[in-house]
Amino acid sequence: MSTPDTDLRSLFELMSDGALVVDEREGRVVAANRAFGELVEREVEELAGGEVASLLAFESEGAGAVVAADAGERASLFAGGGRGWIPVRVERAPVGWGGREATLYVVRRNVRLGEHDGEGLGEEEVRALFDYLQEATEQVEVVNRVVAAVNSSRTISEVFSLASQQMGTLVPFDRA
């Protein structure tokens, strides 16, 4: 049986757009998918733990500009192969990754979000993926709360009460 965390990791790896999982507090890459590795012409394993600033420079940073979440943020990506900095759009979404809070960055080479050159995911597909990832993150958080209750030596009735309450937040159930 798959879990939301496993589903998230599988989707992350299968995405045809470049994607990073980032710890924004530390400014470090937690994970990169194959497509992102191809964009920057580096091995995925060597990207983990690296500084995001060495890969992406956001236009909104430093200028105090606020960018609409659904518009994507303009950025420059440091691409390998002597290509230097190339213009990209970055979509961000909060995710749970390995039991901690992180942010998913989906990096699209298309400068205008409405363009779609046949490569990668289309705009609607990216939005649907973000919706799914947010829902999966919420489900993982509920499971983590229940596991924490079990690990805190609560009684079985307290654990079931908490689990029932937490499941009610995920699945609306209003039978009288």
**Request:** Report yes or no: does Thr137 contribute a side-chain atom to a donor-acceptor pair with the main-chain N or O of Leu133 at less than 3.5 Å?
**Result:** yes
**Item:** Glu158 side chain to Thr155 backbone, donor-acceptor under 3.5 Å
**Value:** yes
**Message:** Determine whether Val21 and Thr103 satisfy the following criterion, side chain to side chain contact (heavy atoms under 4.5 Å, CB included), listing intermediate values before the conclusion.
**Reply:** CA-CA 6 Å; Val21 174; Thr103 304; over 6 Å; no
**Message:** In the structure I gave you, are the side-chain heavy atoms of Phe36 and Val107 within less than 4.5 Å of one another anywhere?
**Reply:** yes
**Message:** A side-chain contact here means heavy atoms from C-beta on lying under 4.5 Å apart; do Val90 and Val106 qualify?
**Reply:** no
Atom of [X], atom of [Y] and distance for their closest heavy-atom approach:
{"X": "Ala19", "Y": "Leu104", "value": "CB-CD1, 4.1 Å"}
{"X": "Ala102", "Y": "Trp97", "value": "CB-CB, 4.2 Å"}
{"X": "Leu20", "Y": "Ala32", "value": "CD2-CB, 3.6 Å"}
{"X": "Met15", "Y": "Ala35", "value": "O-CB, 3.8 Å"}
{"X": "Val30", "Y": "Asp23", "value": "CG2-N, 3.6 Å"}
{"X": "Ala75", "Y": "Leu56", "value": "CB-CD2, 4.5 Å"}

**Request:** Show the numbers, then the answer: is there a side chain to side chain contact (heavy atoms under 4.5 Å, CB included) between Leu77 and Trp85?
**Result:** CA-CA 5 Å; Leu77 171 74; Trp85 292 93; 5.6 Å; no
**Request:** Salt-bridge test for Asp17 and Arg108: reply yes if a basic N is under 4.0 Å from a carboxylate O, no otherwise.
**Result:** yes
**Message:** I'd like to check the salt bridge (charged side-chain N to carboxylate O under 4.0 Å, His left out) partners of Glu13; sequence neighbours left out, ordered by chain and number.
**Reply:** none
Inter-residue atom distance [X].[atom1] - [Y].[atom2], 0.5 Å rounding:
{"X": "Leu47", "Y": "Ser54", "atom1": "CG", "atom2": "OG", "answer": "8.5 Å"}
{"X": "Glu141", "Y": "Glu101", "atom1": "CD", "atom2": "CD", "answer": "7.0 Å"}
{"X": "Arg89", "Y": "Arg74", "atom1": "CZ", "atom2": "CZ", "answer": "4.0 Å"}

**Request:** Could you state whether Tyr132 and Phe130 fall into the same hydrophobic cluster, counting links through intermediate Ile, Leu, Val, Met, Phe, Trp or Tyr residues with side-chain heavy atoms under 4.5 angstrom apart?
**Result:** yes
**Request:** May I ask you to check if Arg92 and Phe58 form a cation-pi contact, with NZ or CZ under 6.0 angstrom from the six-membered ring centre and within 45° of the axis?
**Result:** yes
**Request:** Apply the test side chain to side chain contact (heavy atoms under 4.5 Å, CB included) to residues Val40 and Phe78: give CA-CA distance (whole Å), side-chain angles for both, the deciding distance (0.1 Å), then the verdict.
**Result:** CA-CA 7 Å; Val40 296; Phe78 190 75; over 6 Å; no
**Message:** Given Arg42, which partner from the list Glu46, Glu45, Glu38 fulfils the side chain to side chain donor-acceptor pair (under 3.5 Å) test?
**Reply:** Glu46
**Residue pair Leu11, Leu129: steps toward the side chain to side chain contact (heavy atoms under 4.5 Å, CB included) verdict** = CA-CA 9 Å; Leu11 281 171; Leu129 177 61; 3.7 Å; yes
**Message:** side-chain hydrogen bond (donor to acceptor under 3.5 Å, both in side chains), that's the test. Do Glu24 and Tyr105 meet it? Break it down for me.
**Reply:** CA-CA 11 Å; Glu24 289 192 320; Tyr105 287 16; 2.6 Å; yes
